Structures are given as C-alpha cells and as structure tokens.
Amino acid sequence: MSEEPVKKPTNFIRHIIDADLENGKNEGRITTRFPPEPNGYLHIGHAKSIVLNFGIAEDYNGRCNLRFDDTNPHKENSEFVEAIKADVHWLGCDPKENIFFASDYFEKLFAYAVELIKKGKAYVCDLSAEQIREYRGTLTQAGKNSSYRDRSVEENLTLFNAMRNGDFADGEKVLRAKIDMSSGNINLRDPTIYRVRHGIVHHQTGSQWCIYPMYDYTHCISDALEGITHSLCTLEFEDHRPLYNWFLEQLDVPHHPRQIEFSRLTLEHTVTSKRKLSELVEQGFVEGWDDPRMPTIAGMRRRGYSAASIREFCNRIGVTKAHNVVEMAMLEDCIRSDLNDNAPRRMAVLNPLKVVITNYDDSKVEDLLSANHPQNEEFGKRSIPFCNEIYIDRSDFAEVPPKKYKRLIPGGEVRLRNAYVIRCDEMIKDEQGELIELRCSVDADTLGKNPEGRKVKGVIHWVSAKHGISAEVRLFDRLFSHPTPDNTKDGSDYTAHINPEALRTLSHCVLENSLASAEIGQGFQFEREGYFCLDPAKTADGRPVFNRTITLRDVWAKMQSK
RNA sequence: UGGGGCAUCGCCAAGCGGUAAGGCACAGGGUUUUGAUCCCUGCAUUCCCAGGUUCGAAUCCUGGUGCCCCAGCCA
C-alpha cells in the first residue's frame, strides 16, 4: 500500500500564487513572512497565519521569514521574542537563518525617509497629536492641510535630522507622508511615519534611537528589502494596502511585494485579542501566558495539544475573506482524533472509591498484561498489578441507578477493564451515612473471557490501591461560557463570562503505577475519562500533576443531560 | 454617492456558465472488555433578495438588502 499523500490545502491565496507563477512573476520565486510584534505570546489566530505562510513556503519550495515587527519598543520585550521563536519552532515551522527584526532596517528606513523628504513627499509637522486628529477630518468630511505641510526640503531635512539627534521632546514633532488630506481613505491623509520616543531601551537596538518608524511605513519596506513576494495579512489592513503600495512606488526599493488580505480567526468560547489575553494574565484571571486555559500556543502545548493537531485545525478551517466564527468542537475534534490514534491507554481513578475483593487472597498480586492501544498492536502491552484492594471511580457505582445505567450497583456485576468481573456484595458507610467502601467478590473464571450463562454489559476502570500512585489532576474546560465573550448582545464585558469551571483541581487521584515514568507533555488516554498529559509543575508535597487536554466523547453524559 | 470588504447547510468551506464537494455538529443503526474508537445511513431541488442574459446561472449583468473594518504619534 502506498502512503496516502498529504493533501495540500487549496485557497484563494494559493490560486493567486499559482496565477502569479504562471505569469512568470518574481522569476518563479515564492517568499512569505510571518511578522509578529513581540508584545505578547502567540495564540491560535497566529497559528493560522504561521501555518498559512510556512505552508506556502514549503509547498512552493520557497522560503518564509520570521520577522519581528518591533517598531513600538514601549510595548515589546525580549521575553516575548524568545517565546515566539520557541512557539514557531514547536509548531514545526523552521525559518532557518531567516529570523529578522524590523529594527535591523532602522538605518535604511531612516535613509528612505530622507529620500521621501528630498522628493517632497514627506514633511516634519509640529502639530500636536490632538491637532493632527482635528485636521484629519472625519469619515465623511475631508481633512485640511497642516500649516507645516509646505516646509522646504532643506528645512525638513534639518528638522528630521534634529529629531534623530534628540533635539525635540516626545510629541513635539513627527515626520508625515505628504499624500492627500481629502482622500476618502483616511490612511492616506498624511499619515505619521516617524515619532519621537525618548527614554526607552529597545530590546534590540538599545538606546541608539529616539525616533521610531510607524508600522505602515516600516512593514512595506521591510517586505521589499527581504524580497517578500506575497505579503499576507488580515482584513483590517485592506485599507492600508494603498499606503503600502504608495511608499513602495515613491521609493527606490529593490522589489514590490503583493499584499493579500485574509480574514482572521474567531474561535468560540475564547478570546484572541492580545489586549484581552494580556489582561487575563495581568489581572490574574489565569496563571500566565502558558495557562492551559489560554488559547495561546504555549497554553495549548501545556494543556496537551499536539503541534500536528493545531496544524490540522488550521488546515481544516481554511483561508478566505469571509468573516467566520469557528466552533470549539472543530478544534476539539482535531485533538481527539490525533490523540485517539497516538496516545497510549492507561487507567486512572479520578474520584476514588475503595473496593475490597473479599474472595481474593490478600497477599496475592497478579500482573495482568494489557494492550496499550485497542486498535494498534504496535503500541505493545504493559503489565498492571491486580490485588484484593482497588479503587474505582465513585461515578461508576450507584446505590440507586438511573435508567440504562450499566456500571456497578448493589448485587450487580461489572467488568473491571483488563481484568475480572466482580459482584458488589456489600456497601460500607460511615456514621454520616456516606459510602466509604465496597465489598465485592471476583469471578476467577472471567479473565480474558465472558462469564458463563450471563451477560455483563458494564466495563469500568480501576487501579490497585496497593500499587497506584497519588497525583493531582486538573480538569480544564472552555475559558468562557459565552460563545463570543467579546461580542455579546447585552454588551457585557468579556471578563463577566469567564467560566469558573474552566479549571477544577482534583487533589487525590490514583494513577496506574506505570504513569510514574510519564514524560512532561506526553499524551495518554485515561480510559473512559479523556486525554491527559503530565504538567511541568508538581504539587507542594512533590506529587505529579496531570492536565486534562480534552474529555472523551460521552454519549452517556449527553443522554443524562437530556 | 466618505473609503474598503464580505454574503453557499447550525459552524467551517469547495465551487470560477453544464445542473450544489468535503469536514465539524446533529439524528438513526451496527461492532465493541473504554457508554471511546470504528463502520453504515440521513442531513441545501438550492446558493442574501429581485429582475435580466442564456438551451442552461451559486457562477455573467442590473438594482436592492444585510453584516464587518477604518478617524493611534498601536500593529
């Protein structure tokens, strides 16, 4: 059998690229770039862009640069730079030696600004920020020219150099492009291209500069300098494209990339705006950027999402210009399907209830050989100790069972997964009447075969009380109970919809002893419960912590909630 | 008549003049020592609306409607 070739995604951007290739543009070369601003951690929305840009580079034998858009040092820092590099790498994307910073081009950017001034296309403006806003006009009314618009080239040159030399305070002067104050496109109403910023140590250039270029001016030139052929960005930059092109047309740049916009990802039950994610971290709603409840790459990784599942998600949702809101179920299916194929099975009891097997020798221990994957023999087998004292989950016993319940009930039988059939003979309760233990008897003739003459429908998981290891398990759920917390009908704040159940900590779970050798991040299926992975943290008393990545599908729970 | 975009199943999304792919979700059924997985089956006579062109229109034309983005010295 031949391996099924991984089908390449198809979308309108790839169609454009195909057409460009057919027309012989850029000598058949394809170069893209992923341009994050290092002012926060990468999230699932960035993953869409990363997979798009690196995916195109790979499929077209091109290249994708990682370029930090670091023109606003006030908000940026190297912790974010390093985290972004790590996340891109973890996602399986390799920019190789092509890691750049917009700040690498500050000197060139300055020279291009001088060129603009010399061509009479830029001027130093003394208007205050408020005045600039007033002069800009409104959406329906044209703006008016700044009184500094007609300064001579010489004066502009002198002033711009003085700006660089630190002769002016923050806000005192800016450099503006001279375009058209009456344009219907507000971006073309003499946009600011350089501002003065004193007293900031830039994470890459230190204190070298006190003037910083703006995004619109920087981005297109950076793309041009790097020979980017297709500059892919989100829809809100559509209005900026005329400006992107304007700069490149005025300037003597080596190359003119094509900007193409696509719609950003909106995922239900979470938020993907850096401002909001920062707030969640800074205001302590979560424990950090890598909190497993966060839609950040780092958070999802810690939660147990694989890079492959995130890439699969990005390919499934596609790339278009249509506004879209993707259901969380789509993401959840991606990780379930990955882990179903790739996670070894284990047993773990989350809410332990002790069971004593009364007819089993209390000094005996049997090693039961169990498959690590029910459908894939390549996963091999492991041995699980069985003895007269075990734990089962409290939800797997019911004194008064609901309809169709097929787990353990008083006097009833159930199959212990990978082991024997037991019968519940007696319930032990404490003074408060709370169930604390079950006394059961085992049918010794049911190992690997069905009992004679009766059917046992239920199968439950268990862990040896004498061998199991104690652990903390964190059950994660959707961070927000509202599907679109930042866009509610009643206009409520997104923080009002944080799901208090998004994290439930179970401090005393019992895991199958083989889990003692689990590695951080490695995914396991805890049978009948879900997919879990070992967290880097330990409990205060040194016990392991496991994170629930996602539950198993559960039609029983669905039936019950109806 | 400010400018720029978008409208195909509950959600995502193919489709590019030849008679509506696929995935998710959902609903039934089968297998099963995970109420998991897996396997069947069903799920848009119709593509925002209305006209028009055509033998033939989701695709072309005309006119509407709805929704989104833009007035940072943020990106």
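Just so it is clear, the model here is predicted, and its values are computed rather than measured. We name chains A, B, ... by the order of the sequence lines, and we start the count at 1 in each one.
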Q) Rounded to whole angstroms, how far apart are CD on A/Gln141 and P on B/G3? A) 14 Å
Q. What does A/Gly448 touch in the nucleic acid at a heavy-atom separation under 4.0 angstrom: a base, only the sugar-phosphate, or nothing?
A. base
Q: Before giving the answer on side chain to side chain donor-acceptor pair (under 3.5 Å), spell out for A/Asn39 and A/Lys274 the whole-Å C-alpha distance, their side-chain angles and the decisive distance to 0.1 Å.
A: CA-CA 8 Å; A/Asn39 66 344; A/Lys274 271 201 206 161; 2.6 Å; yes
**Q.** A/Arg415 side chain, from C-beta outward: closest of B/C6, B/U34, B/U33
**A.** B/U33
Q.
When the C1' atoms of B/C12 and B/C26 are compared, how many Å lie between them, rounded to an integer?
A. 15 Å
Q | Step-by-step salt bridge (charged side-chain N to carboxylate O under 4.0 Å, His left out) determination, A/Glu332 to A/Arg478 | A | CA-CA 11 Å; A/Glu332 292 176 341; A/Arg478 302 163 174 194; 3.1 Å; yes
Q.
If I pick the C1' atom on B/U45 and the same atom on B/C9, what distance separates them, to the nearest angstrom?
A. 14 Å
Q: With A/Phe526 as reference, evaluate A/Tyr531, A/Phe532, A/Trp462 under the ring pair (Phe, Tyr, Trp, His ring centres under 6.0 Å) test and give the passing residue.
A: A/Phe532
Q: Classify the nucleic acid contact of A/Arg176 as base, sugar-phosphate or nothing, counting any heavy atom under 4.0 Å across all strands shown.
A: nothing
Q | Sequence-aligned protein contact record of nucleotides 64-75 of chain B, with B where the base is within under 4.0 Å of a protein heavy atom and S where only the sugar-phosphate is | A | ----SBBBSBSB
Q: Answer yes if the ring centres of A/Tyr112 and A/Tyr105 are under 6.0 angstrom apart, and no otherwise.
A: no
Q. Hey, does the side chain of A/Asp393 reach the backbone of A/Asn351 with a donor-acceptor pair shorter than 3.5 angstrom?
A. yes
Q. Base, sugar-phosphate, or nothing: which does A/Phe68 touch, judged by heavy atoms less than 4.0 Å apart?
A. nothing
Q: Starting at atom CZ of A/Phe313, determine the distance to atom C1' of B/C11, rounded to an integer number of angstrom.
A: 11 Å
Q. What does A/Ala142 touch in the nucleic acid at a heavy-atom separation under 4.0 angstrom: a base, only the sugar-phosphate, or nothing?
A. nothing
Quick one: which protein N/O atoms are closer than 3.5 Å to N/O atoms of nucleotides 14-16 of chain B? Pair and distance per line, please.
| from | atom 1 | to | atom 2 | distance (Å) |
| --- | --- | --- | --- | --- |
| B/G15 | OP1 | A/His15 | NE2 | 3.2 |

Q: Just call it for A/Lys274: base, sugar-phosphate, or nothing, with non-hydrogen atoms closer than 4.0 Å on any strand.
A: nothing
Q) Where the side chain of A/Leu552 is concerned, which of B/G35, B/A13, B/A36 is the nearest nucleotide? A) B/A36
Q.
For A/Ile317 and A/Trp556, find the nucleotide of RNA chain B closest to each by heavy atoms; which residue's nucleotide sits nearer the 5' end?
A. A/Ile317
Q: Name the orientation class of the two ring planes belonging to A/Tyr215 and A/Phe237 (parallel below 30°, tilted from 30 to 60°, perpendicular beyond 60°).
A: tilted
Q | Row check, A/Tyr494 ring normal vs A/Lys276 NZ/CZ: under 6.0 Å, within 45° | A | yes
Q: Could you check if the base of B/G23 is syn or anti? Syn means the glycosidic torsion is within 90 degrees of 0.
A: anti
Q: Round to a whole Å and report the spacing from NZ of A/Lys457 to P of B/U31.
A: 12 Å
Q: For A/Val421, report the nucleic acid contact type (base, sugar-phosphate, nothing); a contact means any heavy atom under 4.0 Å.
A: nothing
Q. Taking atom C1' in both B/U65 and B/G22, what distance in whole Å separates the two?
A. 31 Å
Q: For the pair A/Glu226 and A/Arg67, evaluate salt bridge (charged side-chain N to carboxylate O under 4.0 Å, His left out) and give the outcome as yes or no after the intermediate values.
A: CA-CA 10 Å; A/Glu226 291 178 16; A/Arg67 183 176 69 236; 3.0 Å; yes
Q: Could you tell me whether A/Lys121 and A/Asp190 make a salt bridge, using a distance below 4.0 angstrom between a side-chain N and a carboxylate O?
A: no
Q | Backbone N/O of A/Asp486 and side chain of A/Thr484: donor-acceptor pair under 3.5 Å | A | no
(Q) Work out how far the P atom of B/U8 is from that of B/A50, and round it to whole angstrom. (A) 16 Å
Q. Is the backbone of A/Thr446 close enough, under 3.5 Å, to the side chain of A/Arg415 for a donor and an acceptor to pair up by distance?
A. yes
Q: Assign the ring pair A/Tyr217 / A/Phe247 to parallel, tilted or perpendicular, where the plane angle (0 to 90°) is split at 30° and 60°.
A: perpendicular
Q) Looking for any heavy atom pair under 4.0 Å, which part of the strands does A/Gln525 touch: base, sugar-phosphate only, or nothing? A) base
Q. Regarding A/Arg195 and the six-membered ring of A/Tyr212, is the cationic atom NZ or CZ under 6.0 Å from the ring centre and inside 45° of its axis?
A. no
Q: Would you give a per-nucleotide map of nucleotides 20-26 of chain B, 5' to 3', where B means the base has a protein non-hydrogen atom under 4.0 Å away, S means only the sugar-phosphate does, and - means neither?
A: ---BSSS
